[in-house]
2 protein chains.
Amino acid sequence: MMDSSKTARLEQMVVALRKTSHRITPQRLAVLEILAESHAHPSVEKIYQQLRDRFPTMSIATVYKTVSILKEIKQVLELGFPDGSNRYDGNKPFPHPHVICTKCRTIFDPELDTLVDLTLEVARQTGFSITAHRLDFFGLCGNCQEFHHDG
Amino acid sequence: MMDSSKTARLEQMVVALRKTSHRITPQRLAVLEILAESHAHPSVEKIYQQLRDRFPTMSIATVYKTVSILKEIKQVLELGFPDGSNRYDGNKPFPHPHVICTKCRTIFDPELDTLVDLTLEVARQTGFSITAHRLDFFGLCGNCQEFHHDG
DNA sequence: TTTTCTGCAAATGCTTTGCATGGGA
DNA sequence: TCCCATGCAAAGCATTTGCAGAAAA
């Protein structure tokens, strides 16, 4: 991916914050940078760890608050998990499928056709007005298949 | 649905417990009955509430423990949500799509073609060995569209 | 200068765990 | 009888909240 697109994505997020009357602080900008550049779907904890070098006094609560705002203004997609290992996608903040390794917790974005047909079929069948969806595939990634240790 | 199929499903769960050396207690049997008969995808709290009449001294921890065992032996499907409002499906304890009302939290099972094609495509693209998936559609049910109050 | 944000700590809420008593098989 | 299950309370843990001082605009 070109560097300009990362910058472009960051700029989109900054503009979205400004439009909703949120201030741009150094801490927030740093969170935005990580979310705009990373394709690893980082957790709040991961974001926090990456920021501790630049902001030694930073609180993890600030990361939580920033991510919460980004969710509200739809600039980040939350991949929530019941065990509390939530992950965040700042590159594509709209519903799309994910492939998740149940061992090493790596998350990829597969290239699949959209689910518009399925969504329409569900709406027709159930009378729901569908506004979002979530599609996750679970399994072992190539690396974890190859080196499958015990435990 | 015929009554016999409910009984049949209950019997399957009992057999599965016995095969894995788990004891059949009145409390466990009651949890199994609710999971086998309900199509509402009940939460642990809901199961607990329905059991308090018959078992006044019952602990919610017992419901958690029973559901946990059923998960292990694949006799219940857990629909986990990051806000802790987990729901359980004892009728179809295998991956299948769900339609979820974001207002009243009703959950339906739409009749959709299986995702075998998509699963194979994901495996081909990513090199994963896919073992499970999760597909949720979110929106407003017919009733909540009609009577959409504030708050 | 005003309003919002940060950082710390306490609170929250679902779920899990430890342990003594009770009950299946 | 021998283990396992129950019920109670305490612990766990990611996330949220309250608040006083700091900083954006």
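Hydrogens, waters and symmetry mates are skipped; everything else that's a heavy atom, side chains included, is used.
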Any side-chain heavy atom of A:Phe137 within less than 4.5 Å of one from B:Leu118? yes

Would one find a side-chain N or O of B:Asn86 under 4.0 angstrom from OP1 or OP2 of C:dC14? no

Side-chain contact, heavy-atom cut-off 4.5 Å: A:Leu135 with B:Asp136? no

Heavy atoms within less than 4.0 Å of DNA chain D: which residues of residues 41-53 of chain B have one? Give them sorted by number. none

Using a 4.0 Å heavy-atom cut-off, does A:Ile24 contact any base of the nucleic acid, only the sugar-phosphate backbone, or nothing at all? sugar-phosphate

5'-most contact on DNA chain C: B:Arg18 or B:Glu78, nearest heavy atom basis? B:Glu78

Terminal axes of the helix from C:dT1-D:dA25 to C:dA25-D:dT1 (five pairs each): angle between them, nearest 10 degrees: 40°

Side chain to side chain donor-acceptor pair (under 3.5 Å) involving A:Gln27 - partner list, sequence neighbours excluded: none

Rounding to a whole Å, what distance do you find between A:Leu29:CG and C:dT6:C1'? 16 Å

Mind jotting down which residue pairs meet the salt bridge (charged side-chain N to carboxylate O under 4.0 Å, His left out) criterion with at least one end in residues 18-36 of chain A? Sequence neighbours excluded, please. A:Glu33-A:Arg54

Given B:Phe128, which of A:Pro110, A:Cys101, A:Cys144 fulfils the side chain to side chain contact (heavy atoms under 4.5 Å, CB included) condition? A:Cys101

Restricting to ring pair (Phe, Tyr, Trp, His ring centres under 6.0 Å), what partner residues turn up for A:His98, sequence neighbours left out? A:His41, A:His96

Keeping the roles fixed (side chain from A:Gln145, backbone from A:Leu140), state whether a donor-acceptor pair exists under 3.5 Å. yes

Nearest whole Å is fine: how far is D:dC13 C1' from A:Tyr64 OH? 9 Å

Sequence neighbours excluded, which residues qualify as ring pair (Phe, Tyr, Trp, His ring centres under 6.0 Å) partners of B:His133? none

Residue pairs involving residues 74-88 of chain B (criterion side-chain hydrogen bond (donor to acceptor under 3.5 Å, both in side chains); sequence neighbours excluded): B:Arg9-B:Gln75, B:Lys71-B:Glu78, B:Glu78-B:Tyr88, B:Asp83-B:Ser85

Looking at A:Ser38 and A:Leu35, would you say the former's side chain and the latter's main chain have a donor-acceptor pair under 3.5 Å? no

Let me check something: any side-chain donor-acceptor pairs from residues 56-70 of chain B under 3.5 Å, sequence neighbours excluded? List them with distances.
unit_1	atom_1	unit_2	atom_2	d
B:Ser59	OG	B:Ala61	N	3.0
B:Thr66	OG1	B:Thr62	O	2.9

Find every protein N or O atom lying less than 3.5 Å from an N or O atom of nucleotides 5-10 of chain D, and list the pairs.
unit_1	atom_1	unit_2	atom_2	d
D:dA5	OP1	B:Arg28	NH1	2.8
D:dA5	OP1	B:Arg28	NH2	2.9
D:dA5	O5'	B:Arg28	NH2	3.3
D:dT6	OP1	B:Thr25	OG1	2.7
D:dT6	O3'	B:Gln27	NE2	3.1
D:dG7	OP1	B:Gln27	NE2	3.2
D:dG7	OP2	B:Ser59	N	3.3
D:dG7	OP2	B:Thr62	OG1	3.0
D:dG7	O6	B:Lys65	NZ	2.8
D:dC8	OP2	B:Thr57	O	3.2

Can you pull the salt bridge (charged side-chain N to carboxylate O under 4.0 Å, His left out) pairs that have at least one residue in residues 107-116 of chain B, sequence neighbours excluded? B:Lys92-B:Asp109

Pairwise N/O distances under 3.5 Å, protein to nucleotides 10-13 of chain C:
none

I need the CG-P distance between A:Leu17 and D:dA25, as an integer number of Å. 11 Å

Specify the separation, in whole Å, of atom CD of B:Glu72 and atom P of D:dC4. 14 Å

Note: with side-chain heavy atoms under 4.5 Å as the link, the other cluster members for A:Phe81 come out as A:Leu77, A:Leu79, A:Ile100, A:Ile107, A:Phe138

